[in-house]
Amino acid sequence: MSAPHAAGDAGSRGPLDVSRAGTVVLDADGTVVGWSPAARRLLGHEPRDVLGRPVDALVVNGDDDADTAHGEEGGGTAKSPPAAGTAVADLLTPDPPDTAPVRRRVLRMRHRDGRVVRVAAATLALSPAGTGPARLLAVADAEEAEQWEALQSMLRGLATQSPVGLAIYDTDLRVVWTNAALYREMGTMEYTGLGPDEMVTDGEILSDRYPPTLAETMRQVMATGEPVIGLHYRGRPPFDPGRDHVWSCSYYWLRDAAGSSLGVCEETTDVTDRYQAQQRLDLLVRAGGQVGATLDMARTARELSEVTVPRFADAVTVDLLEAVLDGDQPAVGAEAGDVIRVWSPHGGAAALDRPEDRRRIDYPPDSPQARSLASGRSVHERPEAADTADGTDGQPRARLAVPLRAEGATLGVVTFERQRRRDPFDAGELAVADELVARTAVSIDNARRYTREHTAALMLQHSLLPRNLPELSGVDLAYRYLPADNKAGVGGDWFDVIPLSGTRVGLVVGDVVGHGLRAAATMGRLRTSVRALARLDFAPDELLARLDDLVTQAANEGGAVDGHTMPYDEAQDASCLYAVYDPVTGRCAMASAGHHAPALVDPATGAVTFPDLPAGPALGLGGLPFETVELSLPEGSVLALFTDGLVQSRERGLDEQLDRLGSVLTEHRRPLDALCDRAVAALLPGSVDDDVALLLVRTHTLGRDQVAGWELTADPEAVSFARAVATKKVGEWGLEELSFTTELVVSELVTNAVRYASSGPVQLRLIRDRTLICEVSDSGHTSPNLRRARSDDEGGRGLFLVARMTQQWGTRYTPTGKTIWAEQPLTPQELDLDAWDDDL
């Protein structure tokens, strides 16, 4: 191994030490007595042509461009070319003792073929007295000599003045030469014989593009001949062992003229400040694209950790005030004990939905987190100040607590920790941490506002949805309602079960376009309208037509209010399915306003079908009329009404989802609640992107012993017959206590029917269910009105008596006329006769 040159020494070789230099031996008189092969190659003369001849004979004239250094040594550059002999004599004249031992001139000498060649000549040796037996004259091509000296000058400059660190490694990858800049970068002179990975501690290559170590990188350069440019290498140099430095390194293969490998040249520049600035900028850019992508606080905290670990910190902890998690504006001066752990390096994202699952953190008053929350400013704890707070192992570490602040309020605190890297956060990193947390605070505050609105919309929606399904003899019911769990917020899906007269039941499912408070309010408006219209016993197509008119009217009434344009009404484009099931007949009538047809399960075979239901237009669009389809449902049939959130999926098509629903419903003998759970699990295995409403209905029919009917003539004599058969049937049902009121109700209703019916028979029907229902139907379309008779009126009290003696009463219209009905509780109610006297 060759010894390394000292820093700043480019080599002590002479200025004509090039491969084509030749030697001319002269005697004391300047006669050529020796002619080397190299001199022959340069000038073409054979030794026999020049030996014994004075060297002046080969010189054409003096030096046209005398060497500047010689001019300085001689007191200035000659103004005119000297004669040939003068030039050679000056070159061979002994120098004074205090001058350099080597003199140099550029001469013009004649080549054997007659050409004139510029030659760099220098005296290499002289006898002490100048009269020795021989003088040695070195000659070389002038251009090669100039290039050599330029190269030597460049090397001397790189060795002493270049700011770039240079090192040369031999083929064993050991240092043989370094320049002064590298010494300054490393702070030591002890690098002779070291390998590339031994010059710093904890060194690592920062890019996966290269082999894992510098030694392997250099071997790759020598093997392929391809240079490596701009490799970033991080480590700790001897002069600064407490701080990481980053160097930009480049490697070039060194070889001689024959192509043999000499080693590798390394070029290094300390780019620590520039690299850190770029890394911080990249960190902020990545944070801008990754942090706060959703309106979820725990996920935002996780995204902050993913961006900053491990390049900026070894661990990140995020704590938020509990009021923020609930969507409230945090109070001024909130104590550290009010914080909830949202993200920790070991536990990940915390469960935040239920208050009882939240992990509360009580920081000591002198902890950096408590001080940061109290002051609203960052608190930096250097490694030497760290202790065992928060259950740590007590090892020195750097901690930085930064408050999450938005609009002047403190939302929580973010703690950055360095355990693997013990160096504290510098001023630039403190500024980056403040910027990162400020951006995160904006996302957290947006999530807080969304949480507040989402909670309000969810509360409104739940308050408008059915709280408890009614208990009905004609149907068994089960439902599932799942609000969307994505950033779109609460939607407008809804359902309803409406008890109707004659033990019938109205079934409703609908979907409002949009999300948020307005969608929830629109849903409530539509549900209220449907319930009101259903109470009027409209047929499904008629009900949807009336509902469509209400939506269109509301849209037409929109406009500017106080100079502000009213927003779009989400009721437009809303869909709705309305069905009426009659357990007496086992018939179900339904109509759709742009909604999916329900799924129907045959109780005998388990086959699932989707009825061919005409798809009417969505509400508010107008156009095609709505059509009612009537189906006969056997006992035990299952009807599934649902919104599109159940069957629409990003991963699967609509047909596949409907097939999945059908597969679940084939298990229709399961309890309806279990069937609901299986449907949701099969069709919605992941997150719920849209609101989902699912209503399952198992149908029943009333027994023959629960229904009795008679057809009466439109004759006053039919009234007494009606009273008699009704009283008898009530007795057969064991409801003798209801005989009096039943007789009175039947008498009044049949009398009205006989009196006001235009033509046709009168029908009487009694139904024993959860109540005793009396129905009288006729062909008339005039509905009786309940009114208060004056004290001197002889009539007009019939319907008033019916209303006071029954639980409820009403009128419904049929294609052939109308039906007046009244319901009595099976347990007789005591009558307040005093109140009757006042009313009468």
Side-chain angles (χ1 to χ4, degrees), residues 11-71 73-74 77-96 99-152 256-258:
S12 58
R13 307 164 79 178
L16 300 183
D17 187 10
V18 294
S19 61
R20 295 180 63 86
T23 302
V24 179
V25 183
L26 306 176
D27 62 10
D29 298 328
T31 300
V32 177
V33 295
W35 191 259
S36 71
R40 176 189 174 188
R41 288 194 301 270
L42 178 63
L43 296 174
H45 298 286
E46 295 292 339
R48 64 177 177 271
D49 299 331
V50 295
L51 292 178
R53 299 180 58 190
V55 72
D56 291 345
L58 300 175
V59 178
V60 176
N61 55 20
D63 187 4
D64 290 341
D65 45 356
D67 187 273
T68 302
H70 178 271
E73 293 170 2
T77 303
K79 296 182 179 181
S80 60
T86 305
V88 176
D90 179 64
L91 183 65
L92 299 179
T93 300
D95 291 326
T99 61
V102 177
R103 300 175 61 82
R104 175 173 179 266
R105 299 282 281 193
V106 177
L107 306 176
R108 292 180 179 272
M109 303 184 73
R110 189 172 300 280
H111 194 273
R112 182 180 181 183
D113 59 10
R115 292 182 292 111
V116 176
V117 180
R118 296 178 69 250
V119 175
T123 302
L124 297 180
L126 286 174
S127 61
T131 59
R135 299 176 177 84
L136 302 181
L137 189 68
V139 292
D141 184 274
E143 293 183 0
E144 290 186 359
E146 291 171 359
Q147 292 175 1
W148 172 261
E149 290 209 355
L151 177 61
Q152 293 297 305
D256 59 16

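Computed from heavy atoms alone, side chains included, the values below leave out hydrogens, waters and symmetry copies.
The minimum heavy-atom distance between Val24 and Ala39, with the atom names listed, is CG2-CB, 4.3 Å. Across all non-hydrogen atoms, the minimal contact from Val60 to Met109 is CG2-C, 4.0 Å. Closest of all the heavy-atom pairs between Gly22 and Ala38 is CA-CB, 3.4 Å. In plain terms, the two heavy atoms of Val139 and Ala121 that are nearest each other are CG1-CB, 4.1 Å. For the pair Thr31 and Asp27, the tightest heavy-atom approach, listed with the atom from each and the gap, is N-OD1, 2.7 Å.
Contact check for Val33 versus Leu26: no side-chain heavy atoms found under the 4.5 Å cut-off.
No donor-acceptor distance shorter than 3.5 angstrom exists from the side chain of Arg40 to the backbone of Gly44, with no hydrogens or angles considered.
With sequence neighbours left out, Arg53 forms a salt bridge (Lys or Arg N to Asp or Glu O under 4.0 Å) with no residue at all.
The aromatic rings of His45 and Trp35 lie perpendicular to each other, with more than 60° between the two planes, well past the 30° mark.
For the side chain to side chain contact (heavy atoms under 4.5 Å, CB included) with Arg110, the lone residue among Val116, Leu58, Val59, Leu43 that qualifies is Val116.
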